[in-house]
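Counting starts at 1 for both ligands and their atoms, following the listed order. Here, residue 1 is the first one in the sequence, and each next residue gets the next number.
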Amino acid sequence: MDSTHGNGRAASRTAVLVCQGRAVADGRTATGRFADPVAVRLLRPAERAVVDAVRAGTPPQGWQARTGYESVRACAEVAVPRTVAIDEALRERADGQLVVLGAGLDTRAWRLAALAGTDVWEVDHPASQQDKRRRLADAEVRPVARSVRFTPVDFAVDDLGAALAAAGHDAAAPTTWLWEGVVPYLTRDQVRATLAALTARSAPGSTLVLNYQAPSAAATAGRLLTRLLRNSITAGEPWRSRWRPERMAALLAEHGLRTRSDRDLLTLARSLDTPVATRASLRSGRVAVAELA
Ligand SMILES: C[S@@+](CC[C@H](N)C(=O)[O-])C[C@H]1O[C@@H](n2cnc3c(N)ncnc32)[C@H](O)[C@@H]1O
């Protein structure tokens, strides 16, 4: 299936990987705190087969298939604490407007009952968004959020503010912004520009829920290794920026956002008693919550 957009860029493969990770963990890991029954429904048969293999603990033969299997297994470990931290932050603030930046195959608008009174804007690269809309149509899942508006934006070239205004987002009312699993794929300048655009549309009472990567030699080496093994999942989506927590807090402060919490995923995973074999990625992955000062 052709998943490229007019500009030639393909739909995000890492978005599929994260979705596979959540599908692996659903009903098995951190039950009661984590659930994503919608994730598996968005996957294509070959993508589901890897999920089934990981759930069954039956790694495939051949290094390439094995690398794909290990990527999904590791991603499940990271996805659980990340999802729990973000879901809990959103439940506390669910009301009004939620903008999901770089939504990928995020399922919250289709599964998080707390969003029943919330209008959701799903912002993503056009190619990724087109792919998601096809998957949603095929899966016939219905949103639980009050509304979902798809807003295609390439953070590298498009005007996020103008796109949201055209899609009916109200800059005069508070907004919860979710930015999960996207910052590493953007340059520092793109991160700054996106923050400037979102804070320009943030009324008092707005909140940013942010997932980003802190620098980690071990996590970088692991990612380089999977690229060297020509893992087609992550090959086309290199990491471009990592942020130390204090640098991120300073950047957010420059944009009028006060960091309320900033936790690493390893500590979160340990508190949930979930697997921590992927220690380097867990240690460097972080979820921060920042409020408009
Ligand atoms: C790893 S996925 C994360 C998806 C989702 N937020 C999640 O955590 O499951 C990265 C997402 O960032 C988006 N992305 C990366 N670069 C982008 C850009 N320049 N403009 C818009 N979206 C971008 C991709 O389309 C993809 O959906």
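- Remark: R260 engages E291 in a salt bridge (Lys or Arg N to Asp or Glu O under 4.0 Å) (not counting sequence neighbours).
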Stepwise side-chain hydrogen bond (donor to acceptor under 3.5 Å, both in side chains) test for W243 and S241: CA-CA 7 Å; W243 301 79; S241 73; 3.1 Å; yes

What do the steps show when you test E70 against R73 for salt bridge (Lys or Arg N to Asp or Glu O under 4.0 Å), and what is the final call? CA-CA 5 Å; E70 291 300 338; R73 190 197 54 71; 2.7 Å; yes

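- Residues R286 and D262 form a side-chain contact, since some pair of their non-hydrogen atoms from C-beta on lies under 4.5 Å apart.
- For R91, the side-chain contact (heavy atoms from CB on, under 4.5 Å) criterion is met by D87, E88, L112, A114, not counting sequence neighbours.
- For the side-chain hydrogen bond (donor to acceptor under 3.5 Å, both in side chains) condition, the pairs that include at least one residue of residues 163-177, sequence neighbours left out, are Q97-T175, H169-T175, H169-R201, W177-S202.
- Residues lining ligand 1 at a heavy-atom distance below 4.0 Å are given as R9, S12, T14, A15, V18, R22, R82, G102, A103, G104, D124, H125, S128, V153, D154, F155, A156, E180, G181, V182, Y185, L186, ordered by chain and residue number.
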